[in-house]
Number of protein chains: 2
Amino acid sequence: MDTTQRTDQQRSADRRRRELLEAADRVVLRDGPSASMNAIAAEAGITKPILYRHFGDKSGLYAALAKRHTDALLGALRAALDAPAERRERVEATLDTYLAAIEARPQVYRFLMHPSEGGPQSDQGFDTGQHSAPLLRRMGEELAEVIEERVDLGPDSQQLARVWGHGIVGMMHAAGDWWLGERPCARAELVRALADLLWGRLAAAGDKLGGPAF
Amino acid sequence: MDTTQRTDQQRSADRRRRELLEAADRVVLRDGPSASMNAIAAEAGITKPILYRHFGDKSGLYAALAKRHTDALLGALRAALDAPAERRERVEATLDTYLAAIEARPQVYRFLMHPSEGGPQSDQGFDTGQHSAPLLRRMGEELAEVIEERVDLGPDSQQLARVWGHGIVGMMHAAGDWWLGERPCARAELVRALADLLWGRLAAAGDKLGGPAF
DNA sequence: ACTCATGTGTTACTTGCGGTAACCGTAGCC
DNA sequence: GGCTACGGTTACCGCAAGTAACACATGAGT
C-alpha cells in the first residue's frame, strides 16, 4: 500500500464521495437542514448504509458538507479583509460580502448555523461551549488574526483581538439574521449602520433630552 | 363559564402546569436541551400524554419553559440598562449581567439559544429568518427600544437603533459563547474589551507598522 | 480455472423519540 | 345508584438514525 500511489479504487471512492456531497447539497438546499439521511441517499440514487460507510454518521456528513461552504465563504471574506484599502472600506466590504452571501443562499446559511444540533442525545450536555456553529467560530478566529496582525493595540493585543473578532462576527451574524427575516432596509444601509456602530457612533452620540424619568 | 371566576379546577391545572414546568426545568438543567419528553414526564412522576395535554407538543413546552427564563433574564438586563448612570457604566453593567447569567447556568443558556430547532421536519425551510433563538430577538428589540429612547441619533434613528440593538446583542452573545467555551480571561476583562469595541477603539487604533505585504 | 479479498450495494432489522387513541378509576353531583 | 368530567395509564403508530447480514462484482495470486 504505497501512499503516493492512490489506486483507482481510492480515486473512484473520492469521486463517489464528492457526488454524494453534491447530492446532499441539493437536498439540503431543497429541504433545509432537517433533510433525512434517507432522502439524501435517495437523491444520490443509493441507500443509507453507503452514506454511513462514507461519512460515519450524520454529523460526519454534515461536517463535510459544512466544510465546503465554510471554506468558500471564508475565502471571500479573507479577500475582502485583505484588500489594500482604508480600514473602514475593508470593514464595509467584509460586512457586505457576508450579507450578500447569506442573502443569496439563505438555506445554506441556515444549514451552516444550525448543523442539526448534535446527535441523538449526544451527551455534550455539560460542556457548555461549542454549540455555536463552527462557521461562526472559524470566522471569529480568522478575523481575530487579521485584527491582531494589522492593528496596533498595545499590550494584551492578542486577547483583545480575539474578543473583538468573535464579537464583531457575532454582531454581523445577529444583525444579518434579523435583517434577512424582516428586510427593513437595503443591504448597503445595514452595512453603513454596522460600520458606524463599530466606529463608535453610539458612544459619541449625545443623550436625548427630555428622556424618561430623568 | 364566567371568565372572572376561575374554578378550583382551573387553578389546580395552573399549579399542575407550573409543577410540570419545574420538573422540565430540572431535566433540562441536567440533560441539556436534548431532554426527551419521556424523561421530563418521568421526572414529573407522570407519563407523556399529560405533558401533551398541557403543552400541545414539544415546542409548546419548550416555549413555555423558555419564556420563564427569558423573562427573568430580560428583567435583569432592563434593570441594568435603565440604571441612572453614565452610558458607559450602564453598557458595562448590562454586558456583565448577561455574561454572569450564562456563566451561572450554561445549560439553561444553551437551551434558550437552541430551542430544539423546530418540529419533525417543520417545513419552515424557505423563509430564512426566525431561526435565531427568540431570546436573541427579544433582547435585540428591547435594546433597540432603549437606545432609541435615550440616545439622540438624528434622522433615521429608529432604523439605526434596531440595527444596533440586534448587532450589539449578537456581539454579546457570540463573544459570550466563545468565552464560555475557552475561558481565556476573567469576566471583567471581557466586559471591558467589548465596551472598548463599542466605544470605537478599533477605529481609533493605528495601523501596525511593518504589516504584511505593505 | 479456482479461490479469495475488497469494495459496492441491497434488504431487513433494532432502538428510540414525538405524538396519539383508547381505555381506566375516582371524585363530585343530581 | 348512575352520570359526567378529569387525572392518569397502556399500548400503539410513524419516522428517522444507525446497524447487521447478506449478495454481486472484479481484480490478484497461485
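Below, chain A is the first sequence line, B the second, and so on; all start at residue 1. Only a predicted model underlies this, so the values are computations on that prediction, with no experimental measurement involved.
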(request) Determine, for B:D71 against B:K67, whether the closest basic-nitrogen to carboxylate-oxygen distance falls under 4.0 angstrom. (result) yes
(message) Below the 4.0 Å mark, does D:dG8 have OP1 or OP2 next to a side-chain nitrogen or oxygen of B:R16?
(response) yes
(request) Looking at every strand, decide which applies to A:I46 at a 4.0 Å heavy-atom threshold: base, sugar-phosphate, or nothing. (result) sugar-phosphate
(message) Rounding to an integer number of Å, can you tell me how far A:R15 CZ sits from C:dT8 P?
(response) 12 Å
(message) Which label fits A:W178 and B:H166: parallel for a plane angle under 30°, tilted from 30 to 60°, or perpendicular past 60°?
(response) parallel
(message) Between P on D:dG7 and CG on B:L51, what's the gap in Å once rounded to a whole number?
(response) 13 Å
(request) Ignoring hydrogens and angles, tell me if any N or O in the side chain of B:R162 forms a donor-acceptor pair with the backbone of B:A144 under 3.5 Å. (result) no
(request) Look at the side chain of B:P49 and decide which nucleotide, out of C:dA21, D:dA20, D:dG8, has an atom nearest to it. (result) C:dA21
(request) Please report, rounded to the nearest Å, how far the P atom of D:dG18 is from the NE2 atom of A:H54. (result) 16 Å
(request) Report the distance from atom CG of B:N38 to atom P of D:dA11, rounded to the nearest whole Å. (result) 14 Å
(message) Aromatic contact between B:Y62 and B:F111, with the criterion being ring centroids under 6.0 Å apart: yes or no?
(response) yes
(request) Mind calculating the distance between CG (B:D57) and C1' (C:dT20) to the nearest angstrom? (result) 13 Å
(request) Measure from the side-chain heavy atoms of B:I50 and tell me the nearest of D:dA16, C:dG19, D:dG8. (result) D:dG8
(message) In whole Å, I'd like the distance from the CD atom of B:E19 to the P atom of D:dG7.
(response) 12 Å
(request) Would you kindly give the CE-to-P distance between B:M37 and C:dT20, to the nearest whole Å? (result) 10 Å
(message) Taking atom types as they are modelled, would you say the side chain of A:R53 forms a donor-acceptor pair with the base of D:dG18 within the 3.5 Å cutoff?
(response) no
(request) Consider the side chain of B:K48, meaning its heavy atoms from C-beta on, and name the nucleotide among C:dG19, D:dT9, C:dT11 that approaches it most closely. (result) C:dG19
(message) Is the phosphate of D:dG8 approached by B:T47 (side-chain N or O, under 4.0 Å from OP1 or OP2)?
(response) no
(message) In this structure, how many angstroms lie between the P atom of D:dC13 and the OH atom of B:Y52, rounded?
(response) 17 Å
(message) Nearest 0.5 Å, please: how far is CD in B:Q159 from CG in B:L153?
(response) 12.0 Å
(message) So for A:K58 and D:dG18, does any side-chain atom that can act as donor or acceptor lie under 3.5 Å from a complementary atom in the base?
(response) no
